[in-house]
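Worksheet: one structure, shown below.
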Amino acid sequence: MKLVVVSAGLSVPSSTRLLADRLAAATGRQADVDVEVVELRELAVEIAQNLTNGFPGRRLAAAIDAVTSADGLIVVTPVFSASYSGLFKSFFDVIDKDALTGMPVLIAATGGTARHSLVLDHALRPLFAHLKAVVVPTGVYAASEDWGAEGLDGRIERAAGELATLMRGLSATRRPAPDAFTVLPFAEQLAAVTEGSAN
């Protein structure tokens, strides 16, 4: 399965990219995935040009193709003004609004203080619900004090397990075999995720 990681970190090194890598590694321990990373910092100019002229550059087109053809996404943004970054939002603005329908997505964010952890439920979750993606129940927020502290590793493993379970369950419904199409009711998918994360 193809797992694409979208990192909106701006600095080098970046805590946002570090969290993205840890989430990808945890997912890889629970499912057989090929990981591709999309660094939005490197696409900022092409994203801005696409917003003004409607045409993606070569690297941006490749990133969009990677995201829309994935079996699952991990998306990580730094917090700016109590929400996701403008670069993060702009990238998802240039993707067709129906391209992520049914896509399993793990949302995550980084910030300087734990007070911004609500960004997961007040900004990221509504954005991907609008895009008709299937967002895993556990989001991961990492404040500065979380690095090296107890708790972060557990949240990473739980969220990664939920994503792996959804990817296995939904990949067949997003790209079915020519002679077979199986639709799993959402209640069954959610029950499988909840049961898998409890184990």
Side-chain angles (χ1 to χ4, degrees), residues 1-9 14 16-43 46-47 50 56-77 84 87-109 124-125 127-140 156-184 186 188-190 192-193 196-197:
M1 292 183 292
K2 179 180 176 183
L3 173 64
V4 174
V5 179
V6 178
S7 172
S14 163
T16 300
R17 175 60 190 269
L18 176 60
L19 180 57
D21 289 344
R22 289 180 65 178
L23 288 164
T27 305
R29 288 191 291 272
Q30 303 192 46
D32 184 15
V33 294
D34 293 318
V35 178
E36 181 175 346
V37 178
V38 174
E39 280 278 11
L40 298 187
R41 179 176 49 83
E42 300 170 356
L43 301 172
E46 289 190 25
I47 291 170
N50 191 169
R58 180 180 53 82
R59 291 191 305 163
L60 178 58
I64 292 171
D65 182 61
V67 167
T68 57
S69 65
D71 293 300
L73 292 179
I74 294 173
V75 298
V76 190
T77 179
Y84 36 64
L87 180 61
F88 182 87
K89 178 62 162 59
S90 295
F91 175 71
F92 286 100
D93 282 344
V94 301
I95 294 177
D96 182 271
K97 64 181 179 62
D98 295 318
L100 300 184
T101 299
M103 175 80 70
V105 177
L106 191 168
I107 56 173
L124 286 166
R125 201 171 293 279
L127 171 63
F128 287 96
H130 172 73
L131 295 173
K132 302 184 215 54
V134 180
V135 182
V136 303
T138 302
V140 180
I156 288 173
E157 292 296 329
R158 179 184 178 111
E162 293 169 354
L163 178 62
T165 300
L166 273 180
M167 287 176 67
R168 285 190 293 267
L170 294 180
S171 62
T173 63
R174 284 182 55 82
R175 284 185 296 281
D179 298 328
F181 186 83
T182 303
V183 177
L184 297 176
F186 181 74
E188 289 182 23
Q189 296 170 15
L190 188 58
V193 169
S197 64

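Start at 1 with the first residue, then count along the sequence.
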Within the 4.5 Å heavy-atom criterion, are [X] and [Y] side-chain neighbours or not?
X	Y	answer
L166	V105	no
D96	I64	no
Y84	V75	no
R59	L43	yes
K89	T77	no
L23	L163	no

Reported [atom1]-to-[atom2] distance for the pair [X] and [Y], which is rounded to 0.5 angstrom:
X	Y	atom1	atom2	result
R168	Q30	CZ	CD	7.5 Å
I107	L73	CD1	CG	12.0 Å
D93	L131	CG	CG	8.5 Å
L100	H130	CG	NE2	10.5 Å
L106	E162	CG	CD	8.0 Å
I47	R41	CD1	CZ	12.0 Å

Pair T16-F88, side chain to side chain contact (heavy atoms under 4.5 Å, CB included): steps then yes or no: CA-CA 12 Å; T16 300; F88 182 87; over 6 Å; no
Backbone N/O of [Y] and side chain of [X]: donor-acceptor pair under 3.5 Å:
X	Y	value
D71	K2	yes
E46	L60	yes
R125	P137	yes
E36	A63	no

Please report the shortest heavy-atom distance between [X] and [Y], naming the atom on each side.
X	Y	answer
K132	D98	NZ-OD1, 2.8 Å
V4	A70	CG2-CB, 3.6 Å
A108	L124	O-CD1, 3.7 Å
L40	A8	CD1-CB, 3.9 Å
G9	S14	CA-OG, 3.6 Å

Test log, rule side chain to side chain contact (heavy atoms under 4.5 Å, CB included), inputs R17 and V37: CA-CA 9 Å; R17 175 60 190 269; V37 178; 3.7 Å; yes
Within 6.0 Å of NZ in K97, more than 12 heavy atoms from elsewhere: no
